[in-house]
Amino acid sequence: MKVELLRANIENAKEIHAMQVEAFKELLEKYQDFDTNPANENIEKVEARLKQDFTYYYFICTEQQKVGAIRIIDKKESGKNKRISPLFILPRFQGKGIAQEAIRLCEERHGNGSWELDTILQESRNCHLYEKMGYRQTGKTEVINERLTLTFYEKKECVERSTNSWKITM
């Protein structure tokens with residue numbers, strides 16, 4: 001399945017917000033994290049992010065259809081991590097490798113340097129996705145409530161010298 005990214009702008013705020021609510025609604029019901037869940041955010045928060053000059057929102061598309069979105073925070077500063085927050089796929093399109101390909105495309109577009117994100121520790125499918133993509137838990141966690149703990153991930157590109165040649169590892 002071919003995945004493409006389509007850059008979103010402020011005119012897309014309502015559409016992104018509606019998709020975000022649909023994608024995160026089930027997790028909101030499950031974890032009752034009313035202060036942190038994107039399904040509970042108002043449209044003004046999405047609009048504010050879209051206005052940030054370091055925010056890049058992309059619709060995730062397959063077969064000319066918008067199936068989710070991803071936000072990249074890229075301040076384009078040396079030594080600063082890029083951040084994924086949020087990434088979502090509409091429920092009927094989940095489990096098809098779409099999120100994996102969207103991450104790969106964003107890393108390609110914004111550079112393979114250092115990346116970070118956080119996700120719900122109790123959602124093993126999310127953790128598996130990020131670990132499969134080369135992200136490693138940092139050891140930092142944040143308890144949101146008795147049901148939900150966030151776990152933080154990082155992906156670093158390391159350059160190391162091996163005898164006579166340079167080797168890049170992820």
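Computed from a prediction, not measured in an experiment: that's the story for all the values here.
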S.K.: Taking the hydrophobic residues Ile, Leu, Val, Met, Phe, Trp and Tyr, and joining any pair whose side-chain heavy atoms are under 4.5 Å apart, which ones share a cluster with Phe34?
M.R.: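 Leu28, listed by chain and number.
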S.K.: Kindly give the cluster partners of Phe54, where membership spreads through any ILVMFWY side chain lying under 4.5 Å from a current member.
M.R.: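 Grouped by the 4.5 Å side-chain rule, Ile73 form the rest of the cluster around Phe54.
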S.K.: Looking only at side chains, do Asn145 and Gln32 share a donor and an acceptor under 3.5 Å apart?
M.R.: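 Looking only at side-chain atoms, Gln32 and Asn145 do not form any donor-acceptor pair under 3.5 Å.
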S.K.: Does the side chain of Lys45 come within less than 4.5 Å of Asn42's, by heavy atoms?
M.R.: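 Yes, their side chains come closer than 4.5 Å.
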S.K.: Between Tyr153 and Glu131, is any side-chain donor less than 3.5 angstrom from a side-chain acceptor?
M.R.: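 Looking only at side-chain atoms, Glu131 and Tyr153 do form a donor-acceptor pair, the distance falling under 3.5 Å.
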S.K.: List, one per line, each side-chain donor-acceptor pair under 3.5 Å for residues 86-98, sequence neighbours excluded.
M.R.:
{"residue": "Arg92", "atom": "NH1", "partner": "Glu22", "partner atom": "OE2", "Å": "3.0"}
{"residue": "Gln94", "atom": "NE2", "partner": "Ile89", "partner atom": "O", "Å": "2.8"}

S.K.: Mind checking whether Cys61 and Leu5 have side chains closer than 4.5 Å, heavy atoms only?
M.R.: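 Side chain of Cys61 against side chain of Leu5, heavy atoms only: no contact under 4.5 Å found.
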S.K.: Could you give the distance from CZ (Arg109) to NZ (Lys82), rounded to the nearest 0.5 Å?
M.R.: 14.0 Å
S.K.: Taking salt bridge (charged side-chain N to carboxylate O under 4.0 Å, His left out) as the test, write out the residues that go with Arg147, two or more places apart.
M.R.: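 Arg147 satisfies salt bridge (charged side-chain N to carboxylate O under 4.0 Å, His left out) with no other residue.
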S.K.: Could I get the full list of salt bridge (charged side-chain N to carboxylate O under 4.0 Å, His left out) partners for Glu123, not counting sequence neighbours?
M.R.: Lys30
S.K.: My understanding is that only residues two or more places apart in sequence, or in another chain, count here; which of them pass salt bridge (charged side-chain N to carboxylate O under 4.0 Å, His left out) with Arg49?
M.R.: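 So Arg49 forms a salt bridge (charged side-chain N to carboxylate O under 4.0 Å, His left out) with Glu41.
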S.K.: For a quick check under 3.5 Å, do Arg71 and Gln20 share a side-chain donor-acceptor pair by atom type?
M.R.: no
